[in-house]
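Right, one structure below, let's go through it.
Whatever order the structure lists them in is the order used to number ligands and atoms, beginning at 1.
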Amino acid sequence: MNIEGKIFELGFDLFGIASPEVPGSEIVFFEKWISKGYAANMEGWLARGKEKRADLSKILPGVKSVIVVGMNYYPGDHRGDKNLVARYAWGDDYHEVMGEKLEELSREIPGESKWYTDTGSILERYFAVKAGLGFIGKNTCLITPEFGSWVFLGIVLTTVELEPTTSKPMGNCGDCRKCIDACPTGALSEKKIDCRKCISYLTIEKKGNFNPEEKGMVAGQKFVFGCDRCQEVCPHNCRAKKTDVFNPRTPDLDIEDLKIPQKSPLRRAKKEGLARNLSAGHRA
Ligand code: B12
């Protein structure tokens with residue numbers, strides 16, 4: 001079984017293997033984050049998954065190893081500076097693209113396996129660090145030496161025991177706080193995000209109407225779906241490598257013509273959500 005060969009054949013850019021244990025300190029961090037209200041309206045589903053996050057055998061009994069893959073998605077730069085769509089959503093939905101590849105990878109591995117890409121109660125960034133893919137920046141993103149933070153993560157849990165990969169030397173943020181300073185709503189403090197103020201949360205995950213405070217935060221922003229401000233200013237992202245592997249085509253939104261392309265992550269907000277974001281955020 002040549003897992004590494006199959007992973008690169010499938011088009012993933014990064015991979016590593018970690019043991020499945022999660023230290024208590026990670027869960028304490030996660031619990032504190034939720035108890036401060038930082039998860040906003042995602043609190044319910046995030047908190048519900050705590051037991052599984054702490055113990056992967058609750059997801060896959062007999063789990064022995066965690067395979068972590070990363071895929072570069074950086075699609076280039078925006079043309080303008082208003083009604084922008086975060087880069088992760090310019091092309092085909094990564095849940096589908098990565099999901100198909102992760103399904104194929106799982107079929108290659110003997111024993112039981114389960115795969116995830118943003119789709120389950122797994123601390124994906126924690127396992128990416130443990131498997132040696134990168135480090136967590138002050139913007140809370142996984143930053144890799146090869147592509148900066150412009151990578152999606154995928155996980156395969158397996159009952160097969162695999163040799164963990166060793167971490168290579170990684171950079172760190174040092175004294176830099178460009179992301180913290182660049183966040184237009186002050187949502188970041190070192191390695192913590194307050195989703196109640198995060199433009200990404202407000203424009204993607206927040207359901208229903210904005211309250212006046214939320215509307216005030218979204219108004220006048222560059223981004224109307226997702227947000228990349230804390231990644232754009234990150235010095236580690238000078239390593240961005242442009243790729244069209246996710247078929248990028250929606251760098252910004254046309255306010256007159258709200259056509260959502262097939263397979264686009266924009267479908268998550270639906271037309272109503274996009275219209276809400278546009279009317280709150282539109283700059284003349
Ligand atoms: C909920 C969620 C969000 C929320 C909250 C984001 C957040 N920072 O937590 C919102 C809607 C805001 C969001 C936004 C985005 N998201 Co999101 N999101 C998730 C999701 C589903 C869960 C994250 C989570 O559990 N957060 C809770 C915090 C507490 O956990 P955490 O971020 O994993 O942090 C852990 C470590 O950092 C560690 N840690 C950090 N500091 C310290 C300090 C100490 C002392 C200790 C002990 C531990 C510790 O502890 C935490 C718990 O293990 C993950 C998928 C997944 N299942 O992991 C994707 C995920 C994090 N998102 C992703 C992406 C691409 C985005 C956006 C870039 C999209 C966009 N452009 O708009 C933005 C980025 C915003 C940002 N700065 O994080 C990618 C990130 C890839 C990467 N390179 O990091 C993920 C991994 C999905 C994927 N499979 O690719 N997201």
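Salt bridge annotation for Glu104-Arg107: absent, with no cationic side-chain nitrogen under 4.0 angstrom from a carboxylate oxygen. Between Asp92 and Arg249 there is a salt bridge, with a side-chain nitrogen of the basic residue lying less than 4.0 Å from a carboxylate oxygen of the acidic one.
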Handout entry: Criterion side chain to side chain contact (heavy atoms under 4.5 Å, CB included) on Lys178 and Asp181, from CA distance to verdict
Key = CA-CA 5 Å; Lys178 286 189 174 167; Asp181 295 339; 5.9 Å; no
Practice task
Take Arg87 and Glu232, measure what salt bridge (charged side-chain N to carboxylate O under 4.0 Å, His left out) needs, and give me the verdict at the end.
Solution key: CA-CA 10 Å; Arg87 290 166 179 80; Glu232 287 173 339; 2.9 Å; yes
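If you number the atoms of ligand 1 from 1 as listed, the ones under 4.0 Å from a heavy atom of Cys195 come out as 5 (C), 12 (C). Which parts of ligand 1 touch Glu205 is read off a 4.0 Å heavy-atom cut-off, strictly below it: atoms 11 (C). Residue contact check: Cys141 has heavy atoms under 4.0 Å from atoms 77 (N), 84 (O) of ligand 1.
When only non-hydrogen protein atoms are considered, atom 79 (C) of ligand 1 lies nearest to Arg125 NH2, 4.6 Å.
Looking at Leu133, Ile136, Ile193, Ile204 and measuring to atom 6 (C) of ligand 1, the nearest heavy atom belongs to Ile193. Atom 21 (C) of ligand 1 has its nearest heavy-atom neighbour, among Thr117, Thr140, Asp118, Val85, in Asp118. Which of Pro23, Ser149, Ser200, Cys234 comes nearest to atom 13 (C) of ligand 1 through a heavy atom is settled by distance: it is Ser200. The nearest non-hydrogen atom to atom 81 (C) of ligand 1, considering only Ile155, Leu142, Val28, Val151, comes from Val151.
Only the side chain of Met42 comes within contact range of ligand 1, with a heavy atom under 4.0 Å; no backbone atom does.
Smallest separation of non-hydrogen atoms from Asn211 and Glu214: OD1-N, 2.7 Å.
Annotation for Lys207: atom NZ counts as buried by contact number, over 12 foreign heavy atoms lying within 6.0 Å.
Not a single protein heavy atom sits closer than 4.0 Å to atom 17 (Co) of ligand 1.
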